[in-house]
Protein chains: 2
Amino acid sequence: MLIHELSIKTGLSPHTIRFYEKSGLVKGKRDITVKSNNYFHYDEETVEKLEFINDAKSVGFTISEIGQIIDAWYNNKYSKKEKLHILDEKLVALETKLKEIKEMKKLISQFKQDVISGQCPY
Amino acid sequence: MLIHELSIKTGLSPHTIRFYEKSGLVKGKRDITVKSNNYFHYDEETVEKLEFINDAKSVGFTISEIGQIIDAWYNNKYSKKEKLHILDEKLVALETKLKEIKEMKKLISQFKQDVISGQCPY
DNA sequence: AACAACAGTAGAGTGTAGTCTATAGTTGGT
DNA sequence: ACCAACTATAGACTACACTCTACTGTTGTT
């Protein structure tokens with residue numbers, strides 16, 4: 001599929017997809033049999049990757065971290081050992097975030113109690 | 001205390017503290033009895049606030065969201081009802097983040113299994 | 001009096017992650 | 001043949017959250 005279809009499938013603008021492509025997260029292929037243009041073609045794997053990128057972004061991973069994960073997942077840039085190391089690193093980071101968020105929930109719940117119990121009467 | 005001491009207590013640079021002050025998150029007081037300078041003076045509450053800001057940043061709240069929370073906590077800018085609304089909103093956001101992170105943990109654990117089970121032999 | 005270390009303000013610069021503009025070429029439908 | 005809608009590239013622009021620079025004034029120690 002071309003970028004327009006990919007854009008519709010993923011909800012990301014062609015601009016943003018090209019930005020991710022330039023950042024090395026996804027990669028279209030050129031059809032060498034077609035000589036009149038040099039359009040990029042994308043496969044279903046790219047759709048998956050872009051969906052993953054969206055999810056990974058919202059948990060706070062940066063583009064370069066997402067790049068690492070994608071490389072550890074789809075590519076052969078890293079050895080098996082390196083891949084596991086990268087993925088473990090990300091799991092630890094997520095575990096830390098999880099704890100921080102739970103702490104923050106407690107804290108804000110406490111603020112709420114303070115407001116309710118009328119420590120200040122507004 | 002002056003900004004230097006505050007900086008040491010919180011681990012934030014005077015630059016960053018001034019940035020937060022300009023953003024409305026904290027507020028120093030000027031000592032009108034001193035006429036030779038116009039240095040800002042900060043209290044322990046500001047130390048608390050800055051520590052909160054650090055924690056809130058790492059769970060992904062923006063400066064303006066943190067501002068809202070601080071206003072709902074310390075100030076009388078909002079009514080009791082508004083305060084509870086803001087805090088509930090933040091709790092919902094944290095709950096959402098929590099779920100997303102748990103999902104991402106599952107996903108990355110799955111990637112790990114894929115690597116281990118040797119779907120690709122590197 | 002000299003000087004480092006501090007204080008303040010204004011504004012420029014950085015990095016991240018887009019988002020948009022300009023330009024130029026291609027494709028598909030009428 | 002024409003035109004809208006698509007494609008590509010390069011580079012400008014934006015927003016956020018700092019971070020730093022330049023400049024000036026103050027304080028405390030020697």
Side-chain angles (χ1 to χ4, degrees), chain A residues 1-43 46 49-70 90 93 97 100, chain B residues 1-43 46-47 49-70 93 97 100:
Chain A
M1 79 193 84
L2 298 180
I3 200 161
H4 184 66
E5 195 182 337
L6 185 60
S7 165
I8 285 160
K9 278 196 180 177
T10 60
L12 296 166
S13 73
H15 277 304
T16 300
I17 294 170
R18 290 196 182 106
F19 172 74
Y20 290 154
E21 183 145 22
K22 225 169 57 182
S23 307
L25 301 188
V26 297
K27 219 166 177 55
K29 285 174 197 71
R30 273 168 168 149
D31 186 344
I32 48 161
T33 66
V34 178
K35 273 159 188 164
S36 59
N37 68 48
N38 54 348
Y39 292 179
F40 287 110
H41 297 261
Y42 303 92
D43 53 18
T46 306
K49 282 183 187 175
L50 289 173
E51 280 162 0
F52 173 75
I53 291 166
N54 260 338
D55 294 344
K57 266 195 319 164
S58 60
V59 303
F61 284 129
T62 63
I63 295 287
S64 86
E65 285 175 319
I66 295 170
Q68 281 191 307
I69 300 171
I70 287 179
K90 302 312 172 207
K97 265 174 204 294
E100 286 172 344
Chain B
M1 81 193 83
L2 298 180
I3 201 164
H4 184 66
E5 196 181 336
L6 185 60
S7 165
I8 286 161
K9 278 196 181 177
T10 59
L12 296 166
S13 73
H15 276 306
T16 301
I17 294 169
R18 289 197 184 105
F19 172 74
Y20 289 153
E21 183 144 22
K22 225 169 57 183
S23 307
L25 301 189
V26 297
K27 219 167 177 56
K29 283 173 199 73
R30 270 165 171 153
D31 186 345
I32 47 161
T33 65
V34 176
K35 274 161 188 163
S36 58
N37 68 48
N38 55 346
Y39 293 1
F40 287 110
H41 296 261
Y42 302 92
D43 53 18
T46 306
V47 177
K49 281 183 189 176
L50 289 174
E51 280 162 359
F52 173 75
I53 291 167
N54 260 337
D55 295 344
K57 265 195 320 165
S58 60
V59 303
F61 285 129
T62 64
I63 294 288
S64 86
E65 284 174 319
I66 294 170
Q68 281 190 308
I69 299 171
I70 287 179
K97 266 175 205 289
E100 286 171 344

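Naming: A, B, ... by sequence-line order, numbering from 1 per chain.
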B:Lys35: which residues meet the salt bridge (Lys or Arg N to Asp or Glu O under 4.0 Å) condition with it, sequence neighbours left out? none

With sequence neighbours excluded, residues passing side-chain hydrogen bond (donor to acceptor under 3.5 Å, both in side chains) with B:Thr33: B:Asp31

Grab the stems for DNA chain D, please: at least three consecutive Watson-Crick or wobble pairs, both distances below 3.5 Å, written as range with range. C:1-30 with D:1-30

B:Ile8: partners by side-chain contact (heavy atoms from CB on, under 4.5 Å), with sequence neighbours left out: B:His4

Applying a 4.0 Å non-hydrogen cut-off, can you work out what A:Thr62 is touching in the nucleic acid: base, sugar-phosphate, or nothing? sugar-phosphate

Looking at residues at least two apart in the chain, or sitting in another chain, which of them share a side-chain hydrogen bond (donor to acceptor under 3.5 Å, both in side chains) with A:Thr16? A:Ser13

For B:Thr62, side-chain contact (heavy atoms from CB on, under 4.5 Å) partners two or more places apart: B:Ser64, B:Glu65

Residue pairs passing the salt bridge (charged side-chain N to carboxylate O under 4.0 Å, His left out) test where at least one lies in residues 17-27 of chain B, sequence neighbours excluded: none

B:Lys29: salt bridge (Lys or Arg N to Asp or Glu O under 4.0 Å) partners, not counting sequence neighbours: B:Asp43

With side chain to side chain contact (heavy atoms under 4.5 Å, CB included) as the test, would you mind laying out the steps for A:Tyr39 and A:Arg30 before giving the verdict? CA-CA 6 Å; A:Tyr39 292 179; A:Arg30 273 168 168 149; over 6 Å; no

Using the side-chain hydrogen bond (donor to acceptor under 3.5 Å, both in side chains) criterion, which residues pair with A:Glu100? Sequence neighbours excluded. none

B:Asp31 CG to C:dG8 P: how many Å, rounded? 13 Å

Can you give the donor-acceptor pairs under 3.5 Å from side chains of residues 49-61 of chain B to other protein atoms, not counting sequence neighbours?
from, atom 1, to, atom 2, distance (Å)
B:Lys57, NZ, B:Tyr20, OH, 3.4
B:Ser58, OG, B:Asp55, O, 3.0

Between which nucleotides of DNA chain D, 5' to 3', does chain B make heavy-atom contacts below 4.0 Å? D:dA17 to D:dT27

Assign each of A:His41 and B:Phe61 the nucleotide of DNA chain D bearing its closest heavy atom; nearer the 5' end lies the nucleotide of A:His41

Going 5' to 3' through nucleotides 18-30 of chain C, assign each nucleotide B (protein heavy atom under 4.0 Å from a base atom), S (under 4.0 Å only from sugar-phosphate atoms) or - (no protein heavy atom that close). BBBB---BBS---

